[in-house]
Structure formats: C-alpha cells, structure tokens
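Reading through the structure tokens given below for one structure.
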Amino acid sequence: MPEPSMSLRAKSIPAITVTPEQLKNAAELIIRKRERLRMTQKEMAAALGMPKFGERTIGRWERGETHPSAVELQFILNLPDQTPFPNLPIERSEYRMIDLFAGIGGTRLGFWQTGRVGVVFSSEINKFAAKTYAANYGEYPLGDITLIDENTIPDHDILVGGFPCQAFSQAGLKKGFADTRGTLFFDIVRILKAKRPKAFLLENVRNLLNHDRGKTFKVIYQTLDELGYEVHCQVLSAKDFGVPQNRERIYIVGFAREQVPFASCFAFPQPQIKPDLKVGDILEPEVDDKYTISDELWAGHQRRRKENAEAGKGFGYSLFTADSPYTNTISAHYYKDSSEILIAQEGKNPRKLTPREAARLQGFPEEYIIPVSDTQAYRQFGNSVCVPVIHAIAEQMLKVLDKTKYI
C-alpha cells in the first residue's frame, strides 16, 4: 500500500476498512465530506496535516485525475462530522451563559468542561474564527456585537468575554460608564446593564493594568462597580495550570450584589503546578519539514538578535527544546516569523510549532477540530485563552453561584 501523503496524524485513525466501492467513488465522497465540513480544499489539507500545497493533491483527487490510497481515503472519511463539544441542552443546564468576542470558543470550552453550563448566545466578528467555532460547537456565532440590540439577547446567568484591549487613552477618571463609550468594552457594559446576569468573566492582556498609567483599568473597575457588581481581579499564568506556556493574563470576575450575596466568598483558583511539566509534553513526535524555517529566515533571526544585543535591547528569537519547562507567550502574530517560540532540531534549522501543538499549548483537547489554514490557526490560538485556566476559574465561580440556590 502506498505511503499516505498526509502527516503522522493518520496513524491515529480508527481501524475500519475502506471498501472497493468507496475507493471507486473517492472523488464524490471527498467532495461531499469537504462540503459538509464547509472547508475549502486548502482548509481540508490543513486539517489532514498534509504537506505544503496539499490542496493541489485534494483538487486532483476531486477531479479524478489521481486517486487517494485506502489509508488516505480512510482518514478523510473519518474527519468528524459530529460536533465534539455539543451544547448542553438548556433544559438540563444549571446555568445559562453568553459568549462575547467568542473567538474560537476557548472560554466556552472551559465552562463546557464543568458539564453544568449551557450557551444561549454567542458573538464573533471574524469569519475564520466563526468557522472554527461552528466546527467545534455546532453553531455559528452572530457577528458584530456593536450592531446587536442588547434587549434581543436571551436572559442569562453568566456573561463571558475576552474583549479587545482598545485604546482608552482619552478615558478620564470621573465619568465612569460614559468614558467607555466608543470602545468595545462599552458593549459588555450595555449588556450587563440591560440583562443583569448574576456573574461575568472578562479576560485581557496583563498590560491592561498599566495602560495609560493605570487610568484604563481604573475606569473599567469603576464602571463595573457602578453597575452594582462586586469585582475580583487577578493575573494568572498558564504554566501554573498544567500548560507549558508562560502566558500571563488578567481575569476580571464580577457578581451582581443584589443577586449574589456571597460574592465576597469568591476566590481565584490556586495554582495547579506540575513539577515535571515541560515543552515536550505538547510536541508531536514527527513533524513535516514544512514547519522548519528557511535558511533565509533563520539567518535573519540570528542577525537581528546580534544587532539587538549590540544595541542593548535584548530582543530576538527564543529557542526551546523538549526539556524546556515552558515557552514564551504565543501571539496572534506567530504566523509571521514565529520568533517567540522556535523548537530546536538536531542537524537542521529550528521549526515552528504545528497548529496542533499550538492548540495543545493553549490547553485544547485532542478532539478539538482545526478546520482552517495554518496561518488562520496560528492567529486563532494566539488570540485564544488558555482553557485549563478558564476551567479552573469557572469551577470557582460556580461554587459561589451554587450558594444562591439555598437563599
């Protein structure tokens, strides 16, 4: 049997047999599978882990110019049609949640893992992120939140959102709610004001604390306090929750004072440190050569590091091995030159993370579907939250909300 043209991901496919009839109708089966998944040929090639220009191979298969092997067709047919993280039926959910600035649903997934929270509304403006969200949760989020009337949003107990850190530079210190107008944080505020959920969880970059000499965060805190929420804030790092990434983010949790008298009982989760945590935990054992950076890019990285060192800047690429305790923070710009996280390779240039490794670095389970190109995948995981951190916070929030049941 010829070797499959896709990566080692095919080694994990179920032990089923492709029939001669299926092989004969491979072109039609591949087209139907791709259309059901709403993927382009390039996106399907990425999901299959195929080498560079894999979409050309898929195109030839669909046109009947060449034919996949039984192993290749088997792997394609086993791409999941079913949603891996279906929504908890609302009638069975203990709490209802809305997911704003949803991205690829990392925050949703952390709450989903509690088995107690159902989502009644989601919003995400980026079409590629929305595609990944739909593949994993079975629903397309609505688009631009600024165009959605807050009064049309379903009632809910929990609001979550990783709102973009727009410039609040003109925000003062006395206007509170009024100072948030014109920013996307305002959209969270208007929904909180209209729907009065019992609790919220917001996430942002650590630098939000120091933005505009602390004025930005002061306005955010003041605004939430004026709306009647008791606010708790803490910076947490992914590496303290079982993920080998030094990713620090600020988490803002709030509880409506009139609905949650036990809000003061909330405590952020304690670190769940794994003493043997290392980068090798998330690395694939075999990786396609397309992830190895070129001689030109590698030379450029080394030249810039030398120039920066001579200028006293200290900036440059960062190289990690399987034995490194953790990586730097993966960013949404990782697709550009990958300089913040390069993996050392013996006898060859360093390589980028694969999209699956990027997913693992953010704590996404293996069954999480990546239905987009590598470039979009890097953007999405770089923008995402670390799922284990969210899950730990979610459990703590539910402990407080549970107390309101006995009032």
Side-chain angles (χ1 to χ4, degrees), residues 95 97-114 116-117 119 156-166 168 180 183-185 187-189 191-192 197-211 214 216-225 227 229-243 245-256 260 262-273 326 329-332 361-364 381-401:
Y95 298 101
M97 186 177 89
I98 67 169
D99 193 9
L100 306 180
F101 311 106
I104 58 173
T107 303
R108 175 176 180 148
L109 184 54
F111 279 84
W112 181 89
Q113 290 171 338
T114 69
R116 305 175 61 194
V117 180
V119 174
H156 52 279
D157 304 295
I158 304 168
L159 176 152
V160 301
F163 66 98
C165 183
Q166 289 183 285
F168 285 72
T180 69
T183 71
L184 291 175
F185 176 67
D187 295 289
I188 291 175
V189 170
I191 295 169
L192 288 174
K198 293 178 181 178
F200 63 76
L201 168 61
L202 310 179
E203 178 265 357
N204 215 295
V205 295
R206 177 175 183 155
N207 286 342
L208 180 66
L209 286 170
N210 303 317
H211 185 268
T216 298
F217 186 75
K218 189 169 183 179
V219 169
I220 290 172
Y221 187 97
Q222 177 183 326
T223 301
L224 296 171
D225 178 72
L227 287 178
Y229 285 88
E230 180 162 331
V231 182
H232 304 258
C233 310
Q234 189 161 322
V235 173
L236 298 173
S237 177
K239 66 181 175 58
D240 295 331
F241 291 85
V243 176
Q245 180 189 182
N246 186 25
R247 185 185 192 86
E248 291 187 320
R249 290 292 185 268
I250 183 170
Y251 299 91
I252 307 171
V253 172
F255 296 94
V260 189
F262 300 101
S264 60
C265 296
F266 175 77
F268 279 96
Q270 293 298 308
Q272 304 163 15
I273 298 173
Y326 50 79
T329 300
I330 187 170
S331 74
L361 200 61
Q362 291 282 45
F364 283 82
F381 290 115
N383 273 326
S384 184
V385 296
C386 179
V387 176
V389 179
I390 297 295
H391 180 227
I393 295 173
E395 293 285 7
Q396 294 297 103
M397 291 178 67
L398 295 186
K399 287 179 183 180
V400 174
L401 292 178

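We use all heavy atoms of the structure for the numbers below, so side chains are in, but hydrogens, waters and symmetry mates are not. Residues: numbered from 1 along the sequence shown.
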Q. Mind checking what makes side-chain hydrogen bond (donor to acceptor under 3.5 Å, both in side chains) contact with Asp225, not counting sequence neighbours?
A. Arg257

Q | side-chain hydrogen bond (donor to acceptor under 3.5 Å, both in side chains) involving Asp99 - partner list, sequence neighbours excluded | A | Tyr133

Q | All side-chain contact (heavy atoms from CB on, under 4.5 Å) counterparts of Tyr326, not counting sequence neighbours | A | Lys239, Pro244, Asn246

(Q) Checking Phe255 now: which residues fulfil ring pair (Phe, Tyr, Trp, His ring centres under 6.0 Å) with it, not counting sequence neighbours? (A) Phe266

(Q) So, using side-chain contact (heavy atoms from CB on, under 4.5 Å) as the criterion, who are the partners of Asp240 when residues are at least two apart? (A) Ser237, Pro271, Ile273

Q: Report the C-alpha distance between Leu201 and Phe111 in whole Å, list the side-chain angles of each, state the deciding distance to 0.1 Å, and finish with yes or no for side chain to side chain contact (heavy atoms under 4.5 Å, CB included).
A: CA-CA 11 Å; Leu201 168 61; Phe111 279 84; 3.8 Å; yes

Q: Go through the structure and list residues passing side-chain contact (heavy atoms from CB on, under 4.5 Å) with Val387, not counting sequence neighbours.
A: Leu109, Gln113, Phe364

Q) Does Ser331 have any side-chain hydrogen bond (donor to acceptor under 3.5 Å, both in side chains) partners at least two apart in sequence or in another chain, and if so, which? A) Glu340

Q) What pairs with Val385 under side-chain contact (heavy atoms from CB on, under 4.5 Å), at least two apart in sequence or on another chain? A) Thr107, Glu203, Ile390

Q. Checking side chain to side chain contact (heavy atoms under 4.5 Å, CB included) for the pair Val389/Arg249: CA distance, chi angles, key distance, verdict?
A. CA-CA 10 Å; Val389 179; Arg249 290 292 185 268; over 6 Å; no

Q. Are Ile188 and Phe200 close enough that some pair of their side-chain heavy atoms sits under 4.5 Å apart?
A. no

Q | CG-OG1 distance between Asn204 and Thr216, expressed to the nearest 0.5 angstrom | A | 10.0 Å

Q. Going by the salt bridge (Lys or Arg N to Asp or Glu O under 4.0 Å) test, which pairs reach into residues 102-111, not counting sequence neighbours?
A. Arg108-Glu139

Q) If you measure from CZ on Arg116 to CG on Leu398, what distance do you get to the nearest 0.5 Å? A) 5.0 Å

**Q.** Residues forming a side-chain hydrogen bond (donor to acceptor under 3.5 Å, both in side chains) with Gln362, sequence neighbours excluded
**A.** Gln245

Q. Is the distance between the ring centroids of Tyr251 and Phe268 under 6.0 Å?
A. no

Q.
As an exercise, state the distance from SG of Cys233 to OH of Tyr221, rounded to the nearest 0.5 Å.
A. 6.5 Å

Q. Does anything in residues 389-398 pair up under side-chain hydrogen bond (donor to acceptor under 3.5 Å, both in side chains), and if so which pairs, sequence neighbours excluded?
A. His391-Glu395, Gln396-Lys399

